[in-house]
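The first residue of the sequence shown is numbered 1, and numbering continues consecutively from there. Side chains included, hydrogens not; waters and symmetry mates left out as well; all remaining heavy atoms used.
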Amino acid sequence: MPLVNGGKIVDDSFVKLAVDTPLPESGDILVPAERFIGEADALLKRADKVGVIWPNNRDIDELVPYLGKVAAVALVFPTFRDGRAYSQARLLRERHNYRGEVRATGQVLRDQFVFMLRAGFDSFEVKKQADAEAFMQTAKRYSVFYQPTGDGRITALHRRMQLRHSEGVGT
C-alpha cells in the first residue's frame with residue numbers, strides 16, 4: 001500500500017503488528033490501540049519508533065499521556081462516510097499540540113486529501129499508486145483557505161489583514 005508523506009511517495013518504515021503478533025527485535029512498529037494501552041510501558045522502552053493504530057470510535061484522550069513518546073498515530077477511516085478521524089486529528093494537533101506523524105489509514109480517498117491535510121494529517125496510506133500520484137498534485141492545488149485549522153496556514157482574512165497592515169492602510 002503506497003504511503004504519501006510530505007507530498008511524496010515514501011517507503012513506510014513502520015511494520016503493522018496485530019494484537020497477538022510477536023514483537024520484532026528491532027524496527028519501527030505500529031500496534032493496535034488495545035495492544036498499545038495494555039503494553040505501553042514495554043513498547044515505549046524500545047529503541048525504535050512506536051506508533052499506534054487508533055480506531056475512530058475510541059476516545060483520543062486515552063492516548064494523551066503517551067503523546068510525547070509516540071512517533072505516529074494512525075487514525076482509521078473505516079468507511080468514506082465516517083469522518084470521526086478528522087475530529088481526532090484536529091484534537092491531536094490543536095488541543096494536545098501533538099507534533100508527531102498523524103497518518104490516515106483505511107478508506108482514504110483522493111477527493112478528501114485536502115480536507116485531511118487541513119485537519120492535521122501529514123501522511124496517507126492509499127490503496128492505489130495512482131491515488132498517491134494524484135495526492136502530490138492535489139496538495140499543491142490550493143494555497144488560500146477561509147477556515148482556520150491546526151495545519152499552521154493563515155486564513156484568507158488574516159492574509160488580507162497582514163497585507164493591509166504592511167501597506168499602512170487603516171493605521
Working to the nearest 0.5 Å, report the span between [atom1] of [X] and [atom2] of [Y].
X: I9; Y: F124; atom1: CD1; atom2: CZ; answer: 13.0 Å
X: R58; Y: L63; atom1: CZ; atom2: CG; answer: 9.0 Å
X: F14; Y: L3; atom1: CZ; atom2: CG; answer: 9.5 Å
X: L30; Y: R103; atom1: CG; atom2: CZ; answer: 5.0 Å
X: I60; Y: S87; atom1: CD1; atom2: OG; answer: 10.5 Å
X: M116; Y: F113; atom1: CE; atom2: CZ; answer: 7.5 Å

More than 12 heavy atoms from other groups under 6.0 Å of CG on D59: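 Yes, because the 6.0 Å sphere around CG of D59 holds more than 12 heavy atoms from other groups.
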Would you name the heavy atoms of [X] and [Y] that are closest together and state the gap between them?
X: K127; Y: Q107; result: CE-NE2, 4.2 Å
X: S13; Y: D28; result: OG-OD2, 2.8 Å
X: L75; Y: A89; result: CD1-N, 3.5 Å
X: V76; Y: I53; result: CG2-CG2, 3.7 Å
X: I37; Y: E62; result: CD1-O, 4.0 Å
X: R35; Y: T21; result: NH1-O, 2.6 Å

Using a 4.5 Å cut-off on heavy atoms from C-beta on, say whether the side chain of [Y] contacts that of [X].
X: V50; Y: K69; result: no
X: V52; Y: V73; result: yes
X: N57; Y: D82; result: no
X: F36; Y: L44; result: yes

Is a side-chain N or O of [X] found less than 3.5 angstrom from the main chain of [Y], in a donor-acceptor match?
X: Q88; Y: P55; answer: yes
X: Y98; Y: A72; answer: yes
X: R93; Y: A119; answer: no

Side chain to side chain contact (heavy atoms under 4.5 Å, CB included) between R46 and L23, worked out: CA-CA 10 Å; R46 292 176 53 88; L23 289 175; 4.1 Å; yes
Parallel, tilted or perpendicular: rings of F121 and F77 (30°, 60°):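 Plane angle between 30° and 60°, so tilted.
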E101/K49 salt bridge by N-O under 4.0 Å criterion: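 Salt bridge between K49 and E101, a charged N being under 4.0 Å from a carboxylate O: no.
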Find out if a path of hydrophobic residues (ILVMFWY) with successive side-chain heavy-atom gaps under 4.5 Å connects [X] to [Y].
X: V15; Y: L43; value: yes
X: V10; Y: V4; value: no
X: V19; Y: V70; value: no

Steps toward side chain to side chain contact (heavy atoms under 4.5 Å, CB included) verdict (D61, L91): CA-CA 9 Å; D61 286 340; L91 287 171; 5.9 Å; no
